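Below is one structure, written out as structure tokens; the observations come after it.
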Amino acid sequence: MIARTSAHLHAFFKFKGNFISNSHLLPPLKSPLSYSQLGLQCSTHTTRFLASIHSISFSNGDQRPQSKFQKLTSLDDAFNLFDEMTQRRPLPSVVKFTQLLNAVTKMKLFSSSLDLFKQMCVIGVPLDVYSMSIAIRCCCQLYRTNDGFALLGCCFKRAVVPDVFIFSTLLDGLVLEDRILEAERLFKKLIKHNLCEPDVVMYSTMIKGLCKFGSNDIAIALLRLMDERGCKPDIVVYSTIIDSLCKDRMINDAFKILKEMVFDKGILPNVITYNSLIYGLCLLCRWDEVSKMLQEMEDVRISPNFRTYSILVDAFCKEGKVNDAEAVIDIMNERGEVPNIVTYNSLIDGYCLRGEMSKARIVFYSLMSRGLVPNVITYSSLLNGYCKNLKIEEAMDMFHEITRKGLKPNIVTYNTMIQGLFAVGRCGDACKLFDEMQAQGLLPNRITYGIILDGLCNNQQVEEALSLFHLVGDSKLNSNIVVYNILIDGASKCGKLDIARDLFNDLTLKGLQPNVWTYNTMISGLCGEGLLMEAKHLFLKMDDSGCTPDNVTYCVLLQGSLKNQHYDDVETLLQEMDEGSYSLDASTLSLLIDQTAAGSLDRSMVKLIGRLVPKELMDAPS
DNA sequence: CTAGGGTTAG
């Protein structure tokens, strides 16, 4: 089974290792810009689509605004109205058709909207810059930005001059598809060739793209540039940047930008800005400041909305503070913000992560009694809970329940289940499921890869994991510090410290930054082999390279020092911990107590040790 | 009659 497994995995990752898509480069544009110069290929589908578009002259219908377009609530109504309009003679104006198109687009029915657009072309409604921009937006929202560019080509052909709306929409499409290089290129061309003067929306779209790509600095540079060019950044631009900084845990920078917005530009934050900041503070577990933010919102009379509550519920659950999450849900109910399935999913996940499966099930039944329908995420959380508790049969039941309920397990479901099978040592079944997943048309991702490497390492198949790793080679999959952390841990735990060292050196050569985990794993491995000097050396090195040691680092080093009778080091470490507000974990603490009792550790340290005991351990009866 | 920002499973 093992041999079959590995051949299998190898074969897969060898050929599919690079499934993370690369952006396609746009050829440089020449002025004047034309569709073909944008270099985007039409699909056959698009070609047919274009072929169906004809320009025929039209008669003007009446021009008064009609509210019936906004009143449309169902697609059927829209189609009926469309049919009725096409029967009228003279044909209603393009404005009427565009209003209808817009109504359907507002319902997010982009495909239907495009169908209507095609029919408009067929019956000869002339296209103007408005109708074109809506059609292009539909393409872009459907992740068919290339088709959007094809329509841009139509604009050129029929002398519709594309405006800043159309270009912003296309830019947004490229950003949506992660084609950031092309987005940048398009943006620069537009400015360079004076095709349109970017407005605040276009800047904000480009800034969103830069943030998404992880270049907050460049995004901020663009913020400065727009200001210089006389385009005033507004709350959306600022909030985009603030949100990105918050997501990247750069909360201080986020507050700096916020201050600039408020004090230099006189723009007050709104509920969206607050939500971003609250999210960022939650990520960093800075609960005091979260509550300050909520207080501030109340002071300036901005009510928290559904998303605010959702962020809080989710954050509390992730922190294990499920009771606090429950309290937030109560508040939501009181204030008429009805919790939805996502809210309850967070709660279920919170209980599952704490292993409180019966409570998770209670929430599960209560959400159903409220008429909410569990989705694949609900089941995946429960599945994950059972897996983490090593209740593999229950997990399997849950897995099958998903299909029984007519839902489809997704990549997360499979990843979770595969991880669960590895956790109980059922490697063969894990691999079978890996096959099944692909048979279902799901592509393994970097998480799958990590789970498999980790699963192999923890089931005495480190060699297998390493050969899989080498086979994947220089692919993007291996440019991930997590992969190294798993392998370094696996290698050192089975006594292959040389390999662990090699991996550690290799990652730096690749330009990867070791993180706290990497250092902790290496230090732990070195301590395990009694190589205290080398471990201490690495400890100093990590601090030098800007990686702050955490509790784990100190506890690992303490345990190493204790087990190797380096009592001087124990004292130094304890003092450093005291100065840096670190705390002891349960196992290190009990080791310290044992050694003090046995007389090998000086009693003068007891007081110091006492200060390092975290509150949780004090309360726990042991 | 057309374009931009916030939460959500591993």
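Below, read A as the first sequence line, B as the second, and so on, with proteins coming before strands; counting in each chain starts at 1. All values reported here derive from a predicted model rather than from experimental measurement. Below, all heavy atoms of this structure are taken into account, side chains as well, without hydrogens, waters or symmetry copies.
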Proximity to the side chain of Asn270(A) - top-ranked nucleotide from dG6(B), dG10(B), dG5(B): dG5(B)
Phosphate OP1/OP2 of dG4(B): any Lys208(A) side-chain N/O under 4.0 Å: no
Distance in Å, Ile251(A) CD1 paired with Glu289(A) CD, rounded so as to fall on 0.5 Å steps: 7.5 Å
Sugar-phosphate, base or nothing in reach of Thr273(A), heavy atoms under 4.0 Å: base
Tyr130(A)-dT2(B) aromatic stacking (under 5.5 Å, under 30°): no
Lys/Arg N to Asp/Glu carboxylate O, Arg224(A) vs Glu260(A), below 4.0 Å: yes
Spacing of Lys408(A) atom NZ relative to dA9(B) atom C1', expressed in whole Å: 18 Å
Nearest-Å distance for atom pair CD1/P, residues Ile278(A) and dG5(B): 20 Å
Main-chain N/O of Ile166(A) paired with Asp163(A) side-chain donor or acceptor, under 3.5 Å: yes
Side-chain N,O (Asn102(A)) to OP1/OP2 (dT2(B)) below 4.0 Å: yes
Any donor-acceptor N/O pair under 3.5 Å between dG6(B) base and Ser276(A) side chain: no
Spacing between Leu382(A) atom CG and dA9(B) atom P, to the nearest angstrom: 15 Å
Salt bridge (charged side-chain N to carboxylate O under 4.0 Å, His left out) evaluation trace for Arg137(A) with Asp172(A): CA-CA 9 Å; Arg137(A) 183 166 121 81; Asp172(A) 197 42; 6.0 Å; no
Nucleotide nearest Gln99(A) when distance is taken to its side chain, options dG6(B), dC1(B), dG10(B): dC1(B)
d(CG, Asn375(A); C1', dA9(B)) in whole Å: 9 Å
Minimum side-chain heavy-atom gap Leu294(A)-Leu312(A) below 4.5 Å: yes
Whole-Å gap separating C1' (dA9(B)) and CG (Leu442(A)): 14 Å
Salt bridge Glu401(A)-Lys405(A), side-chain N to carboxylate O under 4.0 Å: yes
Closest nucleotide among dA9(B), dG4(B), dT2(B) to the Val236(A) side chain: dG4(B)
Donor-acceptor pair present, Thr240(A) side chain and dG5(B) base, under 3.5 Å: no
Under-4.0 Å side-chain N/O to phosphate OP1/OP2 contact, Arg137(A) with dG4(B): yes
dA9(B) base / Asn410(A) side chain donor-acceptor hit below 3.5 Å: yes
Options dT7(B), dG10(B), dG5(B), nucleotide nearest the side-chain atoms of Ile272(A): dG5(B)
Shortest side-chain distance from Ile311(A), nucleotide among dT2(B), dG10(B), dT7(B): dT7(B)
Closest nucleotide among dG6(B), dG10(B), dA3(B) to the Phe165(A) side chain: dA3(B)
N-O pairing of Lys321(A) and Glu319(A) below 4.0 Å: no
Nucleotide nearest Thr169(A) when distance is taken to its side chain, options dA3(B), dT8(B), dC1(B): dA3(B)
Distance below 4.0 Å between Asn275(A) side-chain N/O and dT7(B) OP1 or OP2: no
Sugar-phosphate, base or nothing in reach of Val237(A), heavy atoms under 4.0 Å: base
Distance in angstrom units between Met206(A) CE and dG5(B) P, rounded: 14 Å
Sugar-phosphate only, base, or nothing, as touched by Asp314(A) at under 4.0 Å among non-hydrogen atoms: sugar-phosphate
Shortest side-chain distance from Thr98(A), nucleotide among dG6(B), dC1(B), dA9(B): dC1(B)
Nucleotide of dG5(B), dT8(B), dA3(B) approaching Tyr279(A) most closely (side-chain heavy atoms): dT8(B)
Length of the line joining Met202(A):CE and dG4(B):C1', which is rounded to integer Å: 11 Å
Value in whole Å for how far the P atom of dT8(B) lies from CZ of Phe316(A): 15 Å
Lys212(A) side chain near dG5(B) phosphate (N/O to OP1/OP2, under 4.0 Å): no
